[in-house]
Amino acid sequence: MRKARLGQMYLRLTAVYGPQQWWPAATSFEVIVGAYLTQNTSWKGVERSIQNLAAHGSLTIDGVRGLPDEELRQLIRPSGFMVRKAAALKAFVTLLDREYRGSLSQLAAEQPETARVKLLALPGVGPETADAILLYALGHPAMVVDEYLRRIVTRHRLLPAKATYSEIQALAIDALNESYPEGDRNAIVQHYNEFHALVVMVGKTHCGPTPKCDGCPLAEFLPISGPFLK
DNA sequence: ATCCAGGTGC
DNA sequence: GCACCTGGAT
């Protein structure tokens, strides 16, 4: 079964890489800023942008709200797409102000499905960013699907190349659900958190645009052998 | 010089 | 399917 295979791959990644502890000490808002800024960009640039905002005293909801567009753009410049991302961050704060009294806690208290719909309606928020915010900032059990997970499941022939975001997400949810059926809500969130972090780890190391299967902890799970895989 | 990174939108 | 911005790596 495909979900069982993916579940075993998760166990293997855990054994090899160990706990990743993503976004451990950040505020929820900082996590959200990171989720926006990291889109199609290296984390290095995001760190600089975050640092710029912090140094400017603007790494808060009030800070972003009070920042002129052009100023916000310059602060987040290192993470690219500054015009788009500045507008997107502003739009997020506006949603917070208009529907959640400017409070992340209020948004976190919203039904997860409803919050997801609201987030997806925002500019600059697609399914991955929405799920990353739900999981890492709001504490909901949202499975994050990124390009690495897409490559992993398609290259391992767990799903066809044209698999959609929701199809990949469903497979990953089934895999973890089967591996950890007894988990309570908090345990599920921890597993989703760790799963995505491990996917990024193995992805960065072995599953880029050109696969590097030598030494990959998941190589033994390949259907036949590596070289033919694109 | 070219590739590409924890995608999104037209 | 492709443009979008920037900075580090190949």
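Letters A, B, ... mirror the listed sequences (proteins, then strands); counts begin at 1.
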- Task: Could you provide the dot-bracket string of DNA chain B, using ( ) for intrastrand pairs, [ ] for crossing pairs and | for bases paired to another strand, with Watson-Crick or G-U pairs below 3.5 Å?
- Result: |||||.||||

When you compare [N] with [M], how far apart are their [atom1] atoms, in angstrom units rounded to a whole number?
N	M	atom1	answer
B:dG6	C:dA9	P	13 Å
C:dG7	B:dT8	P	22 Å
C:dC2	B:dC4	C1'	15 Å

Looking only at atom types and distance, does a side-chain atom of [X] sit under 3.5 Å from a main-chain N or O of [Y], one as donor and one as acceptor?
X	Y	value
A:Thr154	A:Arg150	yes
A:Gln169	A:Met143	yes
A:Glu128	A:Val144	no

Starting at [atom1] of [X] and ending at [atom2] of [N], how long is that distance when rounded to a whole Å?
X	N	atom1	atom2	answer
A:Glu47	C:dG8	CD	P	12 Å
A:Gln39	C:dC5	CD	P	13 Å
A:Gln51	C:dG7	CD	C1'	17 Å
A:Asn40	C:dC2	CG	P	15 Å
A:Met82	C:dG7	CE	C1'	14 Å

- Query: Hey, what's the ring geometry for A:Tyr10 with A:Tyr180, parallel, tilted or perpendicular (30° and 60° as the breaks)?
  - Reply: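 Answer is perpendicular, since the angle exceeds 60°.
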
- Query: Which class fits the ring pair A:His196 and A:Trp22: parallel under 30°, tilted 30 to 60°, perpendicular over 60°?
  - Reply: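 Ring orientation of A:His196 relative to A:Trp22: perpendicular.
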
- Go through the structure and list residues passing side-chain hydrogen bond (donor to acceptor under 3.5 Å, both in side chains) with A:Asn52, not counting sequence neighbours. none

- Query: How do A:Ala130 and A:Thr41 order along DNA chain B: which one's closest nucleotide is nearer the 5' end?
  - Reply: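 With A:Ala130 and A:Thr41 compared, the 5'-side residue is A:Thr41.
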
- Message: I want to confirm an ordering. Mapping A:Gly34 and A:Pro123 to their closest nucleotides on DNA chain B, which one lands closer to the 5' end?
- Response: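 Closer to the 5' end of DNA chain B: A:Gly34.
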
- Query: If you round to the nearest 0.5 Å, how far is NZ of A:Lys90 from CG of A:Asp69?
  - Reply: 5.5 Å

- Per the side-chain contact (heavy atoms from CB on, under 4.5 Å) rule, which among A:Leu159, A:Ile152, A:Val153 passes with A:His156? A:Ile152

What is the nucleic acid contact for [X], judged by heavy atoms within less than 4.0 Å: base, sugar-phosphate only, or nothing?
X	value
A:Gly80	base
A:Val125	sugar-phosphate
A:Leu122	sugar-phosphate
A:Gly45	nothing

- Query: Among side-chain atoms of A:Ser49 and A:Lys85, is any donor-acceptor pair under 3.5 angstrom?
  - Reply: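 The answer is no; no qualifying pair exists.
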
- Contact boundaries on DNA chain B for chain A, cut-off under 4.0 Å to non-hydrogen atoms: B:dC4 to B:dG9

- Query: How about A:Tyr36 and A:Leu122: do any of their side-chain heavy atoms sit closer than 4.5 Å?
  - Reply: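 Yes; the side chains approach each other to less than 4.5 Å.
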
- Can a side chain N or O of A:Arg84 be found less than 4.0 Å away from OP1 or OP2 on C:dC4? no

